Amino acid sequence: MIRSLLTTALLLFTVAAQGADKQPPNILFFFADDMTTQAISAYGEKRHLLETPGMDRIAKEGIRFDRCLVTNSICGPMRAVIQTGKYSHLNGFYNNSNSRFNGDQQTFPKLLQKVGYSTAIIGKWHLETVPQGFDYWHILPGQGAYYNPPMIDNGKPVKHEGYVTDIIGDLTLDWLKNRDKSKPFMMMCQHKAPHREWEPALRHLGFDKDRVYEEPETLFDTFEGRSKALSDHDMGIERTMTDRDLKLVAPTTLTPDQRRYWDEYYEPRNAKYREAKLTGKDLVHWRYQRYMHDYLACVKGVDENISRVLDYLDKEGLAENTVIILSSDQGFYLGEHGWFDKRWIFEESLRTPFLVRWPGVAKPSTVDNHIVSLLDLAQTFLDLGGAEQPADMQGHSLVPLFKGENPADWRKSFYYHYYEFPVPHRVRPHYGVVTDRYKLIHYYKPDVDDWELLDREKDPQETRSFYNDPAYADTVTELKAELQRLRVEVKETEDPPRLAYGNRAFEGEVNPPAQPKGKGKGKGKGKGKKAE
């Protein structure tokens, strides 16, 4: 009798354990704005710019993807791509200047809700209209402010005191603690940092003890022999940075106490700068150092708050059944080619961080070199949640790669298209095909019609074009054919018309329509720009 009872109990325990194993995992998506691989120590940047133990922990306990590419290197459009699993020309959000997201269309959070997930988004939304498909949302309007930011809590305007990265961390933890625990969750924790104007937490002013950062080899790239599209830009450390970017003026959102702390750090250093009256390359050297301090201090704040959330998952026993994915809307230039910002098909802006931890599934300390994309996230989230992946989504679930598989039919090439021009940075529209080695690029409209071929094997810093080299004639022919094939595949076979500034909008906007920014060059004191 006792043996029978023990056998029955063991059977019930086994069945229960198997059932528990079949429960869909929680999904926690950490998303930063303009955070590049060069600033994450797990990626091994040779300049060793910053230690990021929180993000490094995800890589150590999971997978570091080295070729995660974006479809359109700019903030809002990539957020729309993630929501829909579709390229910009199909989801309707091309740029930050005048696009507004139609939330009525199919999105992955709506589909996760249908299969029983509790969904939430906290932090930067940047799609101008009210989030749909989320049981809870608490977002920054537009770009948001670094200090004492106003936010929108499920439609209600609220004002927070403190630093935005810490506030987003606090709100994320509060939601996790008070969520509906009867459901698996999908949480999108989306940081504003380290977006321009790179304003650090006050506790991080001086974190690097005035370290002198090594400069990139291409800081003074002249773009000799290249398309006009490259040289005629307005996103250079030399020509574009404003007094606010450089902390020569303080943000207007600081409290008096915060302003005193700010001034104690910056003003003595700014006084030395003004006295030096730097010009030419000396000015660029100074600006680069100030930029690195501020940008990296912002990343440090993100890393600390990621660690806080990871520690909470451990403490509450949630880590084992939670898939962690960390990424950014695109990469960013930390002085390479003399630039800051993003937009280009070149490596620093095309490639974005992508780290995954899935305990018991993803093999720790793995490095994956498949070409993956933020385009794949919607289908990945649905696959993780056991929801059907709609046939009109254009990515591929990454779950097989998370499991260590090597699908024979995985993509070997990738299509890219950037549209926004002329403001804010005069980066010409361009599209292209990307492979492991090559990039074939077409710059078009309004005053260029140029092609370039980059060979990352021979020129990893992408300072030369091989398009007119006779030795590459066959490569150009093959890549043009592949580019045309990809354009047909993604259903963009014609160049889009010039996108005019308009008032196209959808019900439930959280920001007023953007207007053209044709006046001025962004010099002087400058304010934050919605279009970036």
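This is a predicted model, so every value here is computed, not measured.
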Using modelled atom types only, decide if a donor and an acceptor are shared between the side chain of D383 and the backbone of L398 within a distance under 3.5 Å. no

Would you check, one step at a time, whether the test side-chain hydrogen bond (donor to acceptor under 3.5 Å, both in side chains) holds for T52 with S41? CA-CA 6 Å; T52 52; S41 45; 3.0 Å; yes

Between T242 and D245, does the side-chain hydrogen bond (donor to acceptor under 3.5 Å, both in side chains) criterion hold? Intermediate values first, please. CA-CA 5 Å; T242 68; D245 292 333; 3.2 Å; yes

With no hydrogens and no angle check, is any side-chain donor or acceptor of S373 less than 3.5 Å from a backbone partner on L69? yes

N72 and S88: side chain donor to acceptor below 3.5 Å: yes

Out of the candidates Y415, F93, Y416, Y418, only one should pair with Y87 under the ring-ring contact (aromatic ring centres under 6.0 Å, His included) rule; please name it. Y415

Could you tell me whether the side chains of D153 and Y136 share a donor-acceptor contact shorter than 3.5 Å? yes

Aromatic contact, F340 with Y295 (centres under 6.0 Å): no

Over all atoms of both residues, closest heavy-atom pair of C189 and T172: SG-OG1, 3.3 Å

Looking at the rings of Y147 and Y163, which for Trp means the six-membered one, are their centres under 6.0 Å apart? yes

Strictly distance-based, threshold 3.5 Å: is any side-chain N or O of D376 a donor or acceptor partner for the main-chain N or O of G395? no

Would a distance-only check, ignoring hydrogens and angles, find a side-chain to backbone donor-acceptor pair under 3.5 Å from K124 to L140? no

Under 3.5 Å, side chain of S328 to main-chain N/O of A32, donor-acceptor pair present? yes

Can you confirm whether the side chains of R487 and Y431 place a donor and an acceptor under 3.5 Å from each other? yes

Does the cation-pi check pass for R64 over Y43, that is, NZ or CZ under 6.0 Å from the six-membered ring centre and within 45° of its axis? yes

For a quick check under 3.5 Å, do D166 and N305 share a side-chain donor-acceptor pair by atom type? yes

Are any side-chain N or O atoms of T84 and backbone N or O atoms of N91, one a donor and one an acceptor, separated by less than 3.5 Å? no

For the residue pair H430 and W344, is the inter-centroid distance of their aromatic rings smaller than 6.0 Å? yes

One pair to check against salt bridge (charged side-chain N to carboxylate O under 4.0 Å, His left out): R456 and D436. What are the steps and the verdict? CA-CA 8 Å; R456 292 178 55 244; D436 283 340; over 6 Å; no

Would R411 and E489 satisfy salt bridge (charged side-chain N to carboxylate O under 4.0 Å, His left out), going step by step from the backbone distance to the final call? CA-CA 12 Å; R411 66 168 69 93; E489 182 178 279; over 6 Å; no

Do E45 and R47 meet the salt-bridge criterion of a basic N to acidic O distance under 4.0 Å? yes

Reported OH-to-CG distance for the pair Y333 and D34, which is rounded to 0.5 angstrom: 12.0 Å

Test: R57 and D314 ion pair at under 4.0 Å: yes

Between H233 and H337, is the ring centroid distance below 6.0 Å? no

Between the main-chain N or O of K247 and the side-chain N or O of E199, is there a donor-acceptor pair closer than 3.5 Å? no

Tell me yes or no: between the side chains of H195 and H126, is some donor less than 3.5 Å from an acceptor? no

Without swapping roles, check the side chain of T37 against the backbone of P353 for a donor-acceptor pair under 3.5 Å. no

Would one find more than 12 heavy atoms of other residues, nucleotides or ligands at under 6.0 Å from atom NZ of K412? yes

Calculate, to the nearest 0.5 Å, the distance between atoms CZ and CD1 belonging to R290 and I237 respectively. 13.5 Å

On a heavy-atom basis, which atom in L486 and which in S413 lie closest, and how many Å separate them? CD1-OG, 3.6 Å

Is K439 reaching over with its side chain to a backbone N or O of I345, donor-acceptor style, under 3.5 angstrom? yes

Between R79 and D33, does the salt bridge (charged side-chain N to carboxylate O under 4.0 Å, His left out) criterion hold? Intermediate values first, please. CA-CA 10 Å; R79 294 163 194 268; D33 194 309; 2.8 Å; yes

Start with the C-alpha gap between N96 and E420, add the side-chain angles, then the distance that decides, and say whether side-chain hydrogen bond (donor to acceptor under 3.5 Å, both in side chains) holds. CA-CA 8 Å; N96 287 341; E420 186 170 84; 5.2 Å; no

Are the side chains of F414 and T71 in contact, using a 4.5 Å heavy-atom criterion? yes

So does K86 get a backbone contact from the side chain of Q394, meaning a donor-acceptor N/O pair under 3.5 Å? no

Once side-chain hydrogen bond (donor to acceptor under 3.5 Å, both in side chains) is applied, do any residues pair with D174, and if so which ones, sequence neighbours excluded? none

